[in-house]
Amino acid sequence: MMHELGMTRSKVQGGHALITPDTFVRQQLPGWSKTQCIVHTGPVLGARFSQYSAEMEKGGKAEPAREDTQRFVLVLEGRISVKVARTKQEIGKRGYVYLPAGSETGLEALTSSRLAVIEKPYQPLPGVRPPRALWGYEPKVPPTLLGGDPSLQVRMLLPDDLSFDLAVNTMTFAPGASLPMVEIHLMEHGLLMLDGGGIYRLGEDWYPVKAGDFIWMASYCPQWFGALGKEPSKYLLYKDMNRHPLT
Ligand code: UGY
Ligand code: MN
């Protein structure tokens with residue numbers, strides 16, 4: 001066991017953080033009953049959004065997010081119930097829901113469940129109507145190919161339009177596939193490894209990563225990923241989008 005020698009793959013740096021499950025610390029968050037939360041990132045680390053994992057007992061409930069804050073939830077395990085457009089939806093593994101700022105909708109765990117939760121204060125755009133609630137099932141979202149590479153599939157879980165100030169995608173890499181370039185960009189990322197693993201370059205360091213790991217990348221963090229192993233690798237990726245850098 002790595003921790004017996006005080007070692008871990010986790011690393012928290014200025015412009016990025018890798019947080020591995022052996023270092024997760026659970027806590028209760030207001031508004032979540034019968035639920036343990038692992039807060040992966042937020043403003044204390046330098047992020048302009050917050051991402052956490054919620055481990056709910058059956059019957060656990062979440063109150064709506066803060067009034068000014070939108071919430072995205074991907075079900076990692078279990079089954080939840082949530083009201084979207086006045087109808088109750090049951091959402092199982094790899095299903096997701098987006099609730100806009102001001103939504104009065106909470107969540108309930110129908111079985112013991114694990115959720116990936118992303119929250120971001122909404123930045124309205126003058127003249128553009130804010131998004132509505134929506135839900136979907138990640139495996140059914142049609143993929144696009146990054147740079148035309150069939151070994152690198154991107155699924156955009158939210159519509160690609162200006163009303164959204166965030167994007168949440170999954171990226172699926174065939175074994176041996178990699179990002180075509182070292183990216184350096186304005187948008188920050190929250191990343192949860194869902195399947196497989198590989199090597200992530202963050203800033204000037206290269207890290208072995210695998211399913212269960214969380215990564216935060218600040219704006220302009222140099223980033224690159226190469227997938228290893230014999231099964232596809234997949235991660236859930238948050239980024240801020242569609243707003244002028246001076247706002
Ligand atoms: O969309 C992205 O910025 C994505 N290609 N970045 C990443 O996978 N680190
Ligand atoms: Mn990127």
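One-based numbering, in listed order, for ligands and for the atoms of each.
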*Could you tell me which atoms of ligand 1, counted from 1 in the order shown, lie closer than 4.0 angstrom to a heavy atom of His189?*
2 (C), 3 (O), 6 (N), 7 (C), 9 (N)
*Short list, please: which atoms of ligand 1 are under 4.0 Å from a heavy atom of Met171?*
5 (N), 8 (O)
How close does the nearest protein non-hydrogen atom get to [atom], and which residue and atom is it?
atom                   : value
atom 5 (N) of ligand 1 : Glu183 OE2, 2.6 Å
atom 1 (O) of ligand 1 : Lys239 NZ, 2.6 Å
atom 8 (O) of ligand 1 : Tyr235 OH, 2.6 Å
atom 9 (N) of ligand 1 : Gln223 OE1, 2.7 Å

*Run through Arg71, Arg66, Glu67 and flag the one making a side chain to side chain contact (heavy atoms under 4.5 Å, CB included) with Thr69.*
Arg66
*Given Leu107, which of Ile91, Val75, Ile80 fulfils the side chain to side chain contact (heavy atoms under 4.5 Å, CB included) condition?*
Ile80
*asked:* If you define the side chain from C-beta out and look only at heavy atoms, does anything of Phe72 sit under 4.5 Å from Lys120?
replied: no
_If we set the cut-off at 4.0 Å for heavy atoms, which region of Val154 has an atom near ligand 1: side chain, backbone, both, or neither?_
neither
*Do the rings of Phe173 and Tyr235 sit parallel, tilted or perpendicular, given the 30° and 60° boundaries?*
tilted
*Under 2.8 Å from the Mn ion (ligand 2), which protein N/O/S atoms are there?*
Glu183 OE1, His185 NE2, His189 NE2, Gln223 OE1
